[in-house]
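Written below as structure tokens is the structure these notes are about.
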Amino acid sequence: MFDKSTWIKLPRNVVVGHDVLSDLGAVVDDLSVAGRPLVVTSPTPNRLVGDRVRAQLGSNPATVTVEKAGFDAVERVVEAAKAEEATYLVGLGGGKPIDTAKMAADRLGFGFVSIPTAASHDGIVSGRSSIPEGDTRHSVAADPPLAVVADTEVVAAAPWELTTAGCADIVSNYTAVEDWKLAYRLQNVEYSEYAGALSRMTAEMLVENADSIKQGLEESAWVVVKALVSSGVAMSIAGSSRPASGAEHLFSHRLDRIAPDRALHGHQVGVGAILVAYLHEGEKGMWRNIRDALAVIGAPTTAADLGFDDETVIEALTTAHRIRDRYTILGNGISEAAAREAATKTGVI
Ligand SMILES: NC(=O)C1=CN([C@@H]2O[C@H](COP(=O)(O)OP(=O)(O)OC[C@H]3O[C@@H](n4cnc5c(N)ncnc54)[C@H](OP(=O)(O)O)[C@@H]3O)[C@@H](O)[C@H]2O)C=CC1
Ligand SMILES: O=C(CO)COP(=O)(O)O
Ligand SMILES: [Zn+2]
């Protein structure tokens, strides 16, 4: 029997650029996925580019529209795929339809093609699927897309906050890697130098070039999508979300439990990264660079920016370690006083 946990699974074709939606038919032909697609999308992406996508796929493919993320939607896609005798899935939109398609494809044993219309987080390319269920929000392993087709004209026209969320998800790789190295040193957790270095470099490049990432610039959408691809590859090399998810993600998952959908995933992990960088390195550390980069891009840097009150941030930071079995700087939990000091010193509260 194979031990698939040691396999590095990557997308085969990653096509990013202006008007690449027009290449979708050729990209799919190149994959040799014979048969019928089923398009999984959500209302806005479907309205914006659904017809263009279906026209490229031929044979008038059926479409499932997902309004709310959850396993009900995954089940609906699985049933529709069987009824339509589909042989592969196409996820079109933001994280909600793409992760629904990714999870449904995993259940069906199908391949899927990811067509992001927003650069909101690295799930649009990764081998991780995050479907909200009860209190659980963190990702689980699922095969990555066979291909990613990201049209930068479409992504650049999406609401700017989705792009700033994607930037913040990348910036948070900095603290994720610090946490991963800490877990390696203290808990003998398996660490990949390649995945760690790739993830950290991706975060550093974004922090260093933050002032060139601007609303309305297609070039900026291109930079962010490439960084999300790089982060997804780091997770594929690691075989886990460790390179891109540390304590700042635990903090965000905790906020999601307290108030689902109040703020975007990337924005929450960005603020989490400011706090966690402070916890790692103290006052003189990287937290200022992280905060400044987020501020330049226009991503939230405070509890108020996220729409949370100060006490909720303290509660999330002091209870985040309970989210999952993943060792981070939060260890077995930090005290309320330590959380308050980090949040106050960094200006998060
Ligand atoms: N795999 C992973 O690692 C991760 C996965 N996730 C998952 O991703 C989801 C969140 O991702 P997110 O992208 O924010 O969610 P959505 O797919 O819900 O997209 C966010 C919003 O943007 C809209 N939208 C998408 N593209 C465009 C566009 N081009 N122009 C205008 N509006 C657009 C959507 O419209 P509409 O309302 O019509 O859909 C939606 O209102 C969650 O379901 C979460 O579970 C989150 C983090 C990590
Ligand atoms: O969002 C992710 C990486 O950016 C995935 O992380 P989780 O495994 O914590 O959900
Ligand atoms: Zn993330």
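The analysis underlying the following values was restricted to heavy atoms, covering all of them including side chains, and did not include hydrogens, waters or symmetry mates. These numbers come from a predicted model, not from an experiment. Numbering of ligands and ligand atoms starts at 1, following listing order.
Counting heavy atoms closer than 4.0 Å to ligand 1, residue D99 contributes side-chain atoms (C-beta onward) but none from N, CA, C or O. Looking at I98 against ligand 1, nothing comes within 4.0 Å, counting heavy atoms. Under 4.0 angstrom from ligand 1, the non-hydrogen atoms of H121 all belong to its side chain. Within the 4.0 Å heavy-atom criterion, the part of L162 lying near ligand 1 is the side chain and not the backbone. Looking at L48 against ligand 1, only its side chain comes within 4.0 Å, counting heavy atoms.
Not one N or O of R137 is nearer than 3.5 Å to an N or O of ligand 2, by distance alone. When only interatomic distances are considered, the shortest N/O to N/O separation between S120 and ligand 1 falls below 3.5 Å. Checking only distances, H253 does come within under 3.5 Å of ligand 2, N or O to N or O. Geometrically, ligand 2 and S130 share no nitrogen or oxygen pair separated by less than 3.5 Å. Ligand 2 has an N or O atom lying under 3.5 Å from an N or O atom of H265, backbone or side chain.
Taking all heavy atoms of S130, G94, G95 into account, the minimum distance to atom 44 (C) of ligand 1 is reached by S130. Comparing D261, V154, T44, V269 by heavy-atom distance to atom 38 (O) of ligand 1, the nearest is T44.
Listed by chain and number, the protein N, O or S atoms at a distance under 2.8 Å from the Zn ion (ligand 3) are D169 OD1, H249 NE2, H265 NE2.
Heavy atoms of other residues, nucleotides or ligands lying less than 6.0 angstrom from CG of N188 number 12 at most.
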